[in-house]
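Let me begin by presenting the structure, written as structure tokens, before commenting on it.
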Amino acid sequence: MKRKPGEAIAKGLSLPRDVIFGDFIITLTGNQEVLVENYRGILSYDDDHICVQGNHVVLKICGRRLAIAYYSQDAMKVTGRIERLEYM
């Protein structure tokens, strides 16, 4: 399998993918909260869905009674009943 140039650089420098490519870092705590790091912006927000823009993909958080507990330039915490995460 042919490797992309960025992947070779990341491996050669022993750097994590999130540093090189700006990938999401997602931490789930049960089905009650999710911490999303390395996001670029909030695209949409309601009780059932929250769409978050990343560098190359949109993350859709689906569930019930979803709320953004806090957000900063680097991270956001979503609470509620999280049912699934979708990459779009």
Side-chain angles (χ1 to χ4, degrees):
M1 177 184 262
K2 202 171 196 179
R3 200 179 279 173
K4 294 180 182 177
E7 290 176 11
I9 292 169
K11 186 172 182 178
L13 295 175
S14 299
L15 294 171
R17 283 186 55 88
D18 63 289
V19 172
I20 297 293
F21 298 107
D23 290 346
F24 287 120
I25 298 173
I26 300 169
T27 306
L28 283 167
T29 304
N31 68 344
Q32 300 299 311
E33 66 181 42
V34 60
L35 177 68
V36 181
E37 298 174 85
N38 292 343
Y39 74 98
R40 299 187 59 99
I42 300 167
L43 300 176
S44 65
Y45 171 30
D46 63 36
D47 288 346
D48 298 324
H49 301 94
I50 298 174
C51 291
V52 181
Q53 179 67 53
N55 265 353
H56 308 290
V57 68
V58 173
L59 173 67
K60 184 176 182 182
I61 303 166
C62 304
R64 295 186 188 154
R65 296 183 310 278
L66 297 178
I68 297 175
Y70 70 84
Y71 67 96
S72 68
Q73 194 171 8
D74 301 318
M76 68 184 297
K77 182 178 183 180
V78 175
T79 59
R81 182 164 184 225
I82 294 149
E83 296 175 348
R84 69 183 180 279
L85 303 177
E86 299 175 1
Y87 289 101
M88 302 171 27

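- In this structure, Arg84 CZ and Cys62 SG are separated by 4.0 Å, a value rounded to the nearest 0.5 Å.
- Counting heavy atoms from C-beta outward, Phe24 and Val57 have side chains that approach closer than 4.5 Å.
- Ile26 is connected to Ile61 through a chain of hydrophobic side-chain contacts under 4.5 Å among Ile, Leu, Val, Met, Phe, Trp and Tyr, so both are in one cluster.
- In this structure the side chain of Ile50 never reaches within 4.5 angstrom of the side chain of Lys60, judged on heavy atoms.
- Residues meeting the side chain to side chain contact (heavy atoms under 4.5 Å, CB included) test with Glu33, sequence neighbours left out: Thr29, Lys77, Thr79.
- Taking both residues in full, the closest heavy atoms of Leu43 and Gln53 are given as CD1-OE1, 3.6 Å, listed atom of the first, atom of the second, then distance.
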*Given side chain to side chain contact (heavy atoms under 4.5 Å, CB included), test Leu85 with Leu28 step by step and report yes or no.*
CA-CA 10 Å; Leu85 303 177; Leu28 283 167; 4.3 Å; yes
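- The shortest distance between side-chain heavy atoms of Ser44 and His49 does not fall below 4.5 Å.
- For the side-chain contact (heavy atoms from CB on, under 4.5 Å) with Met76, the lone residue among Val34, Leu35, Val52 that qualifies is Val52.
- Of the possible polar contacts, one joining the Tyr45 side chain to the Ile68 backbone as a donor-acceptor pair under 3.5 Å is found.
- Clustering ILVMFWY residues whenever any of their side-chain heavy atoms sit less than 4.5 angstrom apart, transitively, puts Leu66 in the very cluster that holds Tyr87.
- Atom-to-atom distance recorded for Arg81:CZ and Gln32:CD is 8.0 Å, nearest 0.5 angstrom.
- Put simply, the side chain of Tyr39 does not reach to within 4.5 Å of the side chain of Leu59, judged on heavy atoms.
- Ala75 approaches Glu37 most closely through the heavy-atom pair CB-CG, 3.9 Å.
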